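Owing to the predicted nature of the structure, the values given are computational and were not obtained by experimental measurement. By convention in this document, chain letters (A, B, ...) are assigned in the order of the sequence lines, proteins followed by strands, and residues within each chain are numbered from 1.
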Amino acid sequence: MSQSHAPDARTRAAELREKIERANHCYYVLDEPEITDLDYDLMLRELEALEQAHPELATPDSPTRRVGAKAKGGFAEVRHAIPMLSLNNAFEQEGDTDRERFREVAEFERRIEQTLDRRTPVFSVEPKLDGLAISLRYEDGVFVQGATRGDGETGEDVTANLRTVRAIPLHLRGEGWPRVLEVRGEVIMLRKDFEAFNERARIHGEKTLANPRNGAAGSLRQLDPSITAKRKLSFFAYAVGEVRGGELPLTHSKTLAQLREWGFPVSPEVDTARGLDGLIAYYHRIGEKRDRLPYDIDGVVYKLDDYEGQRVMGFVSRAPRWAIAHKFPAQEQTTTVEAIEIQIGRTGAATPVARLAPVQVAGVTVTNATLHNADQVARLDVRVGDTVIVRRAGDVIPEVVRVIPEQRPAHTHPWHMPSHCPVCGSALLREEGEAAWRCSGGLICAAQRKEALIHFAARRAMDIEGIGERFVDALVDFGYVHTPADLYKLTLDDFLEMKRRADERDGTTPETVKQGKVATKWAENLIEAIEASKQTTLPRFLFALGIMHIGESTAKTLAAWLGSLAVIRRMPAAVLRVLPDVGSEVAASIAGFFAQKGNQKVVDALLASGITFSDETHPSPKLRQQLDLAVLLDMAGVNKLGPKSTKLLAERFTTLDKLLAAGPAHWVTAGLPSAASTNLEGFLAHEKNLKPLREADEAMRELLAAIPQASTAAEAALDGQTVVLTGTLASLSRDEAKERLEALGAKVAGSVSKKTSFVVAGEAAGSKLDKAQELGVPVWDEAQLLALLARHEGGA
DNA sequence: ACACCTCGAGTTCC
DNA sequence: CTCGAGGTGT
């Protein structure tokens with residue numbers, strides 16, 4: 001390293017120290033972290049590296065020389081007889097193999113092997129709890145003092161608060177304990193206690209906690225122990241400090257076992273491991289379990305198990321050479337908001353999305369994060385230019401957790417939902433009581449047309465392979481396709497021409513003979529895929545149309561009960577409402593869709609292009625009892641004509657004609673209250689009321705006539721059972737399992753409730769399995785499912 | 001009227 | 001996967 005770099009290094013070191021000091025102050029003294037742990041660790045490591053490369057820059061008061069900042073006033077200071085350690089950290093590196101990714105752990109292990117001249121040494125391994133480190137002092141078996149770690153040398157006396165933590169024993173159990181014993185461990189808040197606390201705080205309009213770690217730290221720093229007592233804190237022991245007047249076992253793992261006997265909680269995940277392979281296996285095992293643990297952890301800790309080995313390894317400055325913290329990739333990161341944009345969905349819903357400066361979060365680069373809706377943006381007060389903390393919720397979907405207000409640049413403005421659609425310029429409107437703003441442009445809006453097309457072609461809908469985002473963009477932008485029906489009119493030449501124009505627009509690609517052939521092959525495949533999609537099923541087609549509120553499940557219900565598209569598209573809302581899971585909203589949506597001229601045209605065009613359904617059938621016989629006069633009267637919605645009166649009239653007069661023929665006098669004789677009778681008479685007197693009623697009556701009779709007389713419906717094996725699938729099945733795809741279960745009459749639901757008949761759990765089953773166990777719902781494994789399918793499918 | 005249960009819709013990245 | 005909201009049963 002040449003001298004000429006020293007001035008730069010000096011400036012940087014000073015800058016880092018200043019930043020680290022400030023972060024320490026926020027983290028330890030104010031309990032209000034301003035930067036994420038990873039940022040902090042990275043800065044500290046950079047400073048350490050600088051000081052190592054330029055020893056002349058190291059100062060006695062550098063943050064690398066201690067663990068944290070000075071304790072704040074309010075609590076008495078406690079000097080630790082034996083300093084509380086800090087550990088070196090190992091992070092995952094870039095690489096393809098475990099050896100590469102865990103280089104730092106490998107070096108740690110190799111150093112021990114070499115120094116001790118031992119192969120595959122034994123380690124005590126444990127999860128690294130994310131809480132607050134404390135030390136507990138017991139004299140003659142009695143808890144006398146508890147302190148926070150502070151800077152490692154001196155902490156705060158929080159005895160009174162720690163006494164309120166039930167996990168901490170006030171007297172040691174068993175026997176054989178030393179006269180003086182210091183036990184070190186972590187005070188944490190369990191996730192469920194954290195959730196419960198925030199839930200309560202929200203209801204009472206009080207301040208919520210940012211995370212469980214803050215919950216633990218903040219609670220211990222309460223000056224009034226009665227407040228601490230109300231927070232549910234937990235404690236796990238993981239080390240000992242001063243020991244006098246007694247002996248401990250010779251290894252760390254045995255000491256932990258001993259502590260457990262003396263009454264201290266020790267994490268059940270604590271284990272021993274041999275050599276590097278053992279350490280890495282443990283890291284993976286805990287990593288997989290991480291989300292299911294009752295508390296937050298940010299890694300695992302490896303400690304050389306035998307104390308003699310530890311003594312030989314010794315320390316480098318403050319950190320032991322016989323232990324290391326192996327950290328998981330950060331799940332939270334800070335980044336900046338570069339823009340807040342609006343995305344228009346298939347239904348016109350306008351969703352704000354934060355465009356972020358790229359960051360690595362839990363192993364992937366995140367550049368976008370949904371902000372859900374305008375309310376959410378207002379709640380978080382996210383602004384363009386803000387520094388925010390992002391997290392991958394449920395390990396997948398990035399979300400903005402909160403803004404760091406201290407780092408907000410000057411002259412920012414609160415974000416507001418624009419008044420008009422950024423794509424088509426139509427007004428954005430919000431329905432009363434709805435969270436979402438919607439583009440009012442309908443199919444005028446190119447964004448909605450594009451989303452509708454992608455939905456139409458989706459795997460679970462018409463299943464046209466090769467219709468992706470880029471392709472749909474071109475199809476719509478160049479005007480080749482306006483509605484899904486246009487897809488079926490496209491020719492090979494259309495595709496090739498369109499591709500040429502698209503390539504031209506997105507940056508030119510030189511036209512070669514070979515590329516010409518590739519393009520032709522691509523277009524041929526697409527035409528073939530479109531052609532193949534014409535052979536479909538009725539539920540897929542109904543789902544593909546993108547009718548509001550009609551998902552896969554409702555589409556299946558419609559097909560199962562009504563049998564054919566011809567019937568479905570002619571049924572008025574009143575009739576649709578008798579179907580299970582179809583209420584007034586959904587019924588109106590379906591009937592409304594098919595009533596629109598434009599939609600009728602599209603459906604007709606699709607049918608004309610040759611779409612056929614392999615599964616059209618007759619309406620279900622089960623409709624027979626449900627389609628009666630009551631359905632029509634319900635539709636009329638006459639004032640004072642409640643369910644009771646409706647039922648009465650339906651039973652007595654059975655049809656609309658008979659009801660009209662009988663007249664008001666007979667209605668009253670039959671038992672109808674006179675007020676209801678008067679209202680009904682008035683209603684029916686108007687032709688504009690009567691006409692839709694007659695039409696619905698006709699539709700109903702048409703439907704009844706279409707129901708086959710002989711009921712051949714065999715009782716399905718799993719009729720009425722609700723099944724939930726979770727995890728990965730080895731021999732079946734989830735879709736296939738679902739299909740086969742439904743073929744046997746079962747309903748396959750997405751979430752577990754007490755109505756669930758049984759849950760089928762595959763590999764790596766998650767929260768649904770926990771829920772099932774909680775509710776006492778039977779859990780089947782894959783073998784049981786296969787046996788069930790074999791048993792019943794064989795018979796069918 | 002209220003609470004519970006499903007379903008629909010939207011979202012990210014590889 | 002999560003949230004919101006429609007549907008249904010108490």
Side-chain angles (χ1 to χ4, degrees), chain A residues 195 291 331 333 335 341-356 358-376 379 390-401 430-439 447-448 450-452 454-455 458 460-461 468-469 539 542-558 573 576-590 643 722-727 734 738 746-757 764-771 775 777:
Chain A
E195 305 285 347
D291 290 340
Q331 290 195 318
Q333 281 287 22
T335 184
E341 289 174 6
I342 298 293
Q343 261 175 29
I344 303 293
R346 169 166 68 87
T347 61
T351 309
V353 176
R355 305 283 174 216
L356 306 168
V359 266
Q360 290 285 121
V361 186
V364 300
T365 309
V366 169
T367 53
N368 300 313
T370 177
L371 294 166
H372 293 115
N373 53 49
D375 292 344
Q376 174 79 352
R379 213 174 305 137
V390 290
R391 153 172 82 195
R392 294 225 292 154
D395 245 15
V396 250
I397 295 169
E399 66 176 4
V400 173
V401 181
R430 168 136 80 165
E431 288 283 319
E432 195 67 38
E434 265 204 350
W437 289 77
R438 296 196 133 85
C439 165
Q448 291 187 55
K450 285 175 187 173
E451 294 301 321
I454 288 172
H455 173 77
R460 315 186 85 96
E469 198 179 322
L542 289 170
F543 176 53
L545 289 176
I547 303 166
M548 254 246 244
H549 298 128
I550 308 304
E552 264 185 302
S553 176
T554 314
K556 278 178 187 158
T557 305
L558 288 172
L576 295 170
R577 269 195 45 164
V578 308
L579 305 185
D581 302 328
V582 177
S584 53
E585 196 85 13
V586 173
S589 172
I590 300 165
T722 305
V723 184
V724 174
L725 301 171
T726 180
R734 219 192 177 82
K738 184 175 175 191
K747 221 170 126 174
V748 179
S751 57
V752 181
S753 74
K754 58 188 172 202
K755 285 189 184 170
T756 308
S757 312
S767 61
K768 283 188 246 181
L769 178 57
D770 301 340
K771 184 86 185 276
L775 295 175
V777 171

S.K.: Among B:dC13, B:dG10, B:dC7, find the nucleotide with the atom closest to the side chain of A:A749.
M.R.: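 So the nucleotide nearest the side chain must be B:dC7.
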S.K.: Taking the side chain of A:T351 as heavy atoms from C-beta outward, which of B:dT12, B:dA9, B:dT11 is closest to it?
M.R.: B:dT11
S.K.: Can you name the atoms? Protein N/O to nucleotides 6-9 of chain C N/O, anything below 3.5 Å, with the distance.
M.R.:
unit_1	atom_1	unit_2	atom_2	d
C:dG7	OP1	A:G583	N	2.7
C:dG7	OP1	A:G583	O	3.4
C:dG7	OP1	A:V586	N	3.1
C:dT8	OP1	A:D581	N	2.8

S.K.: A:R460 has an atom CZ; how far is it from atom P of B:dA9, in whole Å?
M.R.: 14 Å
S.K.: Quick one: does A:H455's side chain have a donor or acceptor within less than 3.5 Å of a partner on A:L545's backbone?
M.R.: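 Answer holds: no.
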S.K.: Is there a side-chain contact between A:P358 and A:T365 in this structure, where contact means two heavy atoms from C-beta onward sitting under 4.5 Å apart?
M.R.: yes
S.K.: Is the shortest heavy-atom distance from the side chain of A:S584 to the side chain of A:R577 under 4.5 Å?
M.R.: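 Heavy-atom side-chain distance check passes, below 4.5 Å.
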S.K.: Do A:L542 and A:T554 have side-chain heavy atoms sitting under 4.5 Å apart?
M.R.: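 A:L542 does not reach A:T554 side chain to side chain.
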S.K.: Has A:N368 got a side-chain N or O lying under 4.0 Å from the OP1 or OP2 atom of B:dT11?
M.R.: no
S.K.: Could you give the CZ-to-C1' distance, from A:R355 to B:dT12, as a whole number of Å?
M.R.: 11 Å
S.K.: Do A:N368 and A:R355 come close enough that some side-chain heavy atom pair is under 4.5 Å?
M.R.: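 SC-SC contact between A:N368 and A:R355 confirmed.
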S.K.: Measuring to OP1 and OP2 of B:dT6, would you say a side-chain N or O of A:S553 lies under 4.0 angstrom away?
M.R.: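 Checking A:S553 against B:dT6: no side-chain N or O falls below 4.0 Å of OP1 or OP2.
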S.K.: Is there side-chain contact between A:I344 and A:E451, with at least one heavy-atom pair below 4.5 Å?
M.R.: no
S.K.: Atom CD of A:E399 to atom P of B:dG10: distance rounded to whole Å?
M.R.: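 Spelled out: CD on A:E399 to P on B:dG10 is 19 Å.
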S.K.: Rounded to whole angstrom units, what separation is found between the CD1 atom of A:I547 and the P atom of B:dA9?
M.R.: 10 Å
S.K.: May I have the step-by-step check of side-chain contact (heavy atoms from CB on, under 4.5 Å) for A:I590 and A:L558, ending in yes or no?
M.R.: CA-CA 10 Å; A:I590 300 165; A:L558 288 172; 3.8 Å; yes
S.K.: In whole angstrom, give the distance that lies between atom CD of A:E469 and atom C1' of B:dG10.
M.R.: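 So the CD-C1' distance, A:E469 to B:dG10, works out to 14 Å.
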S.K.: Can you see if the side chain of A:Q343 gets near the phosphate of B:dT11 - specifically, an N or O under 4.0 Å from OP1 or OP2?
M.R.: yes
S.K.: Within the structure, does a side-chain N or O atom of A:T554 lie under 4.0 Å from either OP1 or OP2 of B:dG8?
M.R.: yes
S.K.: Whole angstroms only, please: what is the CG-P distance between A:N373 and C:dT2?
M.R.: 17 Å
S.K.: Distance check: side-chain N/O of A:T367 vs OP1/OP2 of B:dT12, anything under 4.0 Å?
M.R.: no
S.K.: Could you tell me how far apart A:I550 (CD1) and C:dA5 (C1') are, to the nearest whole angstrom?
M.R.: 14 Å
S.K.: CZ of A:R379 versus P of C:dC3: gap in Å, rounded?
M.R.: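 Distance check: A:R379 CZ to C:dC3 P gives 10 Å.
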